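Worksheet for the structure shown next.
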Amino acid sequence: MSPEHAPRRSQVVMVEPALSQLQKLTAAETHRLDRAIVAISVNPELGTPVPGTLLRDYADDVDGVRVIYFVTALRQITIVAYVEA
């Protein structure tokens with residue numbers, strides 16, 4: 001019998017605005033953000049759709065992180081911006 005496998009994670013890509021914001025985060029903020037990105041990569045549907053766009057808005061109130069992203073047809077996640085971390 002084959003072992004149970006965890007869900008396949010989506011590939012995550014960051015565009016320039018997100019990369020610029022990432023450079024300004026502290027180590028603690030980056031760690032919180034990493035947890036949110038892992039959650040989104042496992043389940044890209046976590047975020048709430050932004051009406052009239054292809055964007056999704058994921059907010060984790062526990063860690064105080066908010067990520068704006070969209071998912072391509074091949075389930076690649078493109079992070080457009082970090083709004084809060």
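Every value quoted in this text rests on a predicted model; they were computed, and no experiment measured them. Note that the numbering runs from 1 along the sequence shown for the chain.
Atoms OG and CD1, on S10 and I37 in that order, are 12.5 Å from each other to the nearest 0.5 Å. Note that the NE2 atom of H31 and the CG atom of D63 stand 8.0 Å from one another [nearest 0.5 Å]. Between the CG atom in L22 and the CG atom in D34 there is a gap of 8.0 Å [rounded to 0.5 Å].
V71 and V13 sit in two unconnected hydrophobic clusters of ILVMFWY residues. Membership requires side-chain heavy atoms under 4.5 Å apart, directly or through other members. Linking Ile, Leu, Val, Met, Phe, Trp and Tyr whenever their side-chain heavy atoms come within less than 4.5 Å puts V67 and L19 in one cluster.
The side-chain contact (heavy atoms from CB on, under 4.5 Å) test with R66 is passed by exactly one of D57, L33, D60, D61: D57.
For the pair Q11/T72, no side-chain contact is recorded, criterion being any heavy-atom separation below 4.5 Å from C-beta on.
Checked by atom type and distance alone, the side chain of Y69 pairs as donor or acceptor with a backbone atom of G47 at under 3.5 Å.
The side chain to side chain contact (heavy atoms under 4.5 Å, CB included) test applied to E45 returns N43, R56, not counting sequence neighbours.
Closest of all the heavy-atom pairs between V12 and S41 is CG2-CB, 3.9 Å. The nearest pair of heavy atoms linking L54 to F70 is O-CB, 3.3 Å.
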